[in-house]
> 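Below is the structure I would like to discuss, written out as structure tokens.
Being a predicted model, the structure only gives us computed values, none of them experimental. Every chain is numbered from 1 and lettered A, B, ... according to where its sequence line falls, protein lines coming before strand lines.
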Amino acid sequence: MTNVLLYAVHLFLFPGLLFIVVMGLLLAGIDRKLVARMQNRVGASILQPWYDFLKCCGKETIIPRHARKGLFLGAPVACFVILISAALFIPVFGGLSMSFEGDVVVILYLLTAAGVAIIVGSAASGSPFAGVGLSREMVAMISYELPFVLVLLAVGALCGQDSAYGVTFSMDEIVRWQTENGSSLLHPAMIPAAIAMLFVIPCEIGMHPFDIAEAETEISEGTLTEYSGAPLGVFKLCHCVKMYVMTALFCALFLGGLSTGILLVDALLEVVFCIIVTFLCMTVPHAICARFKVEQVFKFYWTFVSALALISLLLVWIMR
Amino acid sequence: MSEFISNFPILAIMSLFLGAFITSLLGRKNAVVRNVIVFISMALALIMMLALIKPVFIEGKVIGYWLGNWAPVADWAIGIGLEVDALSLFFGLIITVAVFVSGTYSFTYMSHDDSLVNYYTLFLMLSGSVLGLVLSGDLFNMFVMIEIMTFTAVALTAFRNTYEGALEGALKYLVVGALGSSSVLIGTALIYSQLHTLNLAQITALLTNDQNIVTGIAFAFLFIGFGTKAFLFPFHPLAADAHAVAPASISLMISGVLTKCGVYGIIRLVYCLYQNIDRPFVQYLVTAFGAVSMFICVTMAFNQHNFKRLLAFHSISQVGYVITAVGLGTSLGLASGLYHAMNHTIFKGLLFLTAGAVQHMTGSLDLDELGGLSKKMPRTCILFLIGAASISGLPPFNGFGSKWMIYQAAFEKSSQTGNVFFLVVCVTALITSVLTLASFVKVAQSVFFGQLNPKFENTKEVPLAMRIPMWILAILCIVTGIFPGSVANKLLMPAVNAATNTRAYVSAMMGEAYAAAHQVVHAGAADVQLIGVYSPMSWMLLLLSITSAVCLVAVLGSPEKKKLEPVVGANVPNGPMTPGSIPVTSQSREADERELITDDLDPKYESFFSGEHAEYSQVGGSDLFWGFKKNWRHYFSFMHEWHSGILNDYALYGACSLALTLLLCVLFL
Amino acid sequence: MIIMNYIASFILVGLGIFCIATKRNLLKICIGSGLIDYGCNLLIVSVGFHDGGTAPIFAIRELTRASFFVDPVPQALTLTSIVIGACSTAMTLSLIIMIKKQYGTLKADKIRRLKG
Amino acid sequence: MLQNMIDSSMKKSPWIFHINAGSCNGCDIELVSVLTPRYDAERYGFKLCGSPRQADIVVVSGPVTMQSRERLRRTLAQVPEPFCVVSLGSCPRSGNVFKGSYAIDGPLEKYVHVDVSVAGCTPKPEAIIAGLAQAAQLLEEKRKEARK
């Protein structure tokens, strides 16, 4: 009985639902604040995403005539559920996760499924803006999937050197290997992979320079054109949770070795590192450059960022 | 009972051929008699295959059956033998299930057409020959079955001969298909010239030690022959033409069943007959064919305009996955290949049946024309989503389990042998999976979602009789997706062991002493470490997070009940601010008449069109994924020319690939 | 001596493939596929040849130890493959007739509505 | 308790949707300048959004011309409850210099109850921010009233 209780607490409290949602909103708030400060203006309060979410839940939900009600209302919930289950597979600094042998690929596919949930939601809304929005979202997904997979393969190859199969697809294995031989960021072969991962994160989340799917100026909110009220709030929440999921994934893949074992210190360490990674990979590009065109995003990811990931994969290959 | 079981293989094949014969005899009078006969023969074949599961899969027996009781004389096989081991029964099961589903579907789907007796006779002949090919233990018998299969498939492709392009697709399929079967014939003749026998078991035994140049050439011919049947790389335009024009139940048969026979032939050739899968050259050859056809077909499928032609290209790219996995040579590779072959038949069958349903109801398959059908055909839309989710490998469905096993097998192979070729194959597989997802998003948006084309205003849902087979396949999709672990142990492991364990194969037909005399290798049972994808813990996790998410949304819902769309036309005043209740002055009245406000529906629930009256503007079909197409436009234009549609070019590509394989086999084998 | 049969059969097969690949007229393509079938049949028959052997026809009593036959199995195979060759030619011709009715031409490069 | 938090959050994150009913773009540029670093309306939570479905405050600028009348009415109908309407500049209030022209169809008041009206031919950004802040306050009362 106790382990079920512990398991429920684990699921709902610490690395579970509450922690993920709070962390997501916190990261989004900090990101908006940092962008404002970088543009020399005061910027909204750190709790602004929380207010946005509450305000959206307070508004009326309009279901358009062309929309398909079941999918239209179900898509945000599905996206939220998929993201939470993806986040639960990521070990928070060396422990406390539902990890099993092949869960790196499960995380990859859950993130793809979250993207598909958004796409199905916008397709079900039946608006032409959403049609263009979902095609851009798919192009963004194609473009970041290649480098993302190469980075996962590189880390799997590095951390699976001494395992029987020469490669590992399990997060626990990756984190344990890093605790023994130092986190993989210190290995010279993994520097290009880390940079590639930093580029992949904003596109996967849809942050400013790569948010070709929700381009307000071009296609009026793209995928979320027809959403209002609580479903819109849940989609915005998914956007924030995705920020936490990707940064936590980055910390687990590249900074796995720094866990101290004490639960509280680990949690604080995780929060600090996530904020640093958010600043590096989302705030700086958001403040510096304008939104990319659709084919620029694709060309940028399939040439420059994939080359980086490939270099590190080959380096790991040679150094083996 | 146990010795009677050995007659089941021939009884299954005979039930199908006899069914064909009787339908053509008695079927002319009325439809019910004909349908009953067809149903009985399909059901009989299915029951016999299911009955074979216990002896072959669980007890691991290999059932041999000599036609006309011509047992081998003095260790020399004279008669034609049927041999059913776990591998051929695995494919036999896939085939009989697909035949059963496709048959019941075509009862209603083909009701609009005429001369249905010919249709069902050809259909049963096709399924009989396909089952015969998979169960036969004799090389020339396999050739004869391939020929019957090709002729009936061609005739069925051209069944609706008034359909635009049907005859052309059938002719191309026949001529280049005949090229492929002739190469199988030449291969058989060359093998006979060296070993003077046609029985597969005896060939396996004799080939273990004396493989000279002529058997190498025979290998090349046989590989290209079976490759034609599996529509591998240079032969894939045939399948695209044949599928696009064939009726949906037949395209299910072609893509789900015929390609599997080509795959079965290649597996039997590489794992059992020549046992040269552990030679690096053969692994490169098979994997290269698989990877190239996988990548090219998915990019070709990406900008198609016809729903079924897109599905056809996808089925070849999935067969490319299977061949890549088979070519890896490791036991995990073969297991993932077989698993993906089974999944492919299930979800591709489902997708083709939904395409048939859309064609049956709306009459058109053009992606640019269709749109918004989910309002009119909701159940077909759900079925399509299940099929699309499983083909693009989303977690709870069956595509995920098998695709992920293929990546793992490819990557493990590359890391163990330290060879970069398999790494490139693994990355190509991943890119192909993303492009598959992208093209099915395109199909979903352009056929089911978006705005309804006024032309298809009065389409109704598909009759229940057509939906039952679709639901059977959908449930199979979900079941094999949720329990990959149990599917692997019960179905895949016996099949993989049977493929690698050739001694049992030979001794079943030729006797234990013969097998020992020829030192047939007895590979140990494969200890594939099958990673349990779904431990019960993760299921509880998903369940709990679902409940928490749903109650989160419900609690935070806005206070007043969510108002749904009011009664059409009534301008329900919802608060002081509705523009409907504005004071209308004289000046604006005649302005209104000029404005001709046609739409009396409440504009609140119209989709936002930046203020304009939302007329029909469907974003779908070829104007999606603009960014991706712009970057690849050179590649796409080259591919467009390459698939010229001229019969001679396809034959030329086939001949070149035959020559290339011959050259490689002579040099390296 | 038997080598001539093998060379002839491979020439026939090569000619058939060349004819299918280059000739634009559908009828010539049909002839080409026929040629390939005949090449294969010739190959199968000549595979079973033994120098000095007689035709494998015998009455019950005539079968003695000393009688030396040519291998009968390929001849049986050739029978079936001749039949199959005939069927495939018949099928191709029937399709060509219907295509001529529908498309109005026999030129292969005009019959290319399914492309791309 | 949760509903009170939702009410208070209505005024903390009002999203603006801008409708140009034939304006000379003077007010439009002023509205956007409000979000620049110098005047920074974002510190009160204001954010421009692209679709009327997500709008809380609808800012209308320009005298309602004949062409834009139908579109204005349809877009206003598509905004979810509770929302405020702010008329920007003097054109929507009175038609400004264009009053009496054949192409103008009366003040904005004819089409929708205007909650806050910011006067001035291109009102100063500070005035716009004050108007928007008032509108944000109104949002909270509207929701409380709608909840009763």
> What parts of residues 283-301 of chain A touch chain D if we use heavy atoms and a cut-off under 4.5 Å?
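None at all.
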> Is a side-chain N or O of D:Asp40 found less than 3.5 angstrom from the main chain of A:Val42, in a donor-acceptor match?
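Answer holds: yes.
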> Give the C-alpha distance, both sets of side-chain angles, the deciding distance and a yes or no for salt bridge (charged side-chain N to carboxylate O under 4.0 Å, His left out) between A:Asp52 and D:Lys47.
CA-CA 10 Å; A:Asp52 289 349; D:Lys47 180 171 93 84; over 6 Å; no
> So what's closer than 4.5 Å to chain A heavy atoms on D:Ala55: side chain, backbone, both or neither?
backbone
> If only atom types and distance count, is the side chain of D:Arg143 paired as donor or acceptor with the main-chain N or O of A:Gly58 below 3.5 Å?
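Side chain of D:Arg143 to backbone of A:Gly58: a pair is present.
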> Contact part of D:Asp56 toward chain A, heavy-atom cut-off under 4.5 Å: side chain, backbone, both or neither?
both
> Any side-chain to backbone donor/acceptor pair from D:Ser51 onto A:Thr225? Under 3.5 Å, distance only.
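Such a contact is found between D:Ser51 side chain and A:Thr225 backbone.
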> Against chain D, label A:Leu47 side chain, backbone, both or neither, depending on which of its atoms sit under 4.5 Å from a heavy atom there.
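For A:Leu47, no heavy atom lies under 4.5 Å from chain D.
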> A quick test of your reading: do over 12 heavy atoms of other residues, nucleotides or ligands sit less than 6.0 Å from NZ of D:Lys99?
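No, not enclosed.
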> On the 0 to 90° scale, with breaks at 30° and 60°, tag the D:Tyr44-D:Phe46 ring pair as parallel, tilted or perpendicular.
perpendicular
> Please identify, among A:Lys55, A:Glu226, A:Gln39, the residue contributing the most non-hydrogen atom pairs under 4.5 Å to chain D.
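Winner by heavy-atom pair count: A:Lys55.
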> Shortest non-hydrogen contact from A:Phe72 to A:Pro64?
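Closest approach of A:Phe72 to A:Pro64: CZ-CD, 3.9 Å.
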> Quick one: does A:Glu137's side chain have a donor or acceptor within less than 3.5 Å of a partner on A:Ala213's backbone?
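No, the answer is negative, given that no donor and acceptor are paired below the 3.5 Å cut-off.
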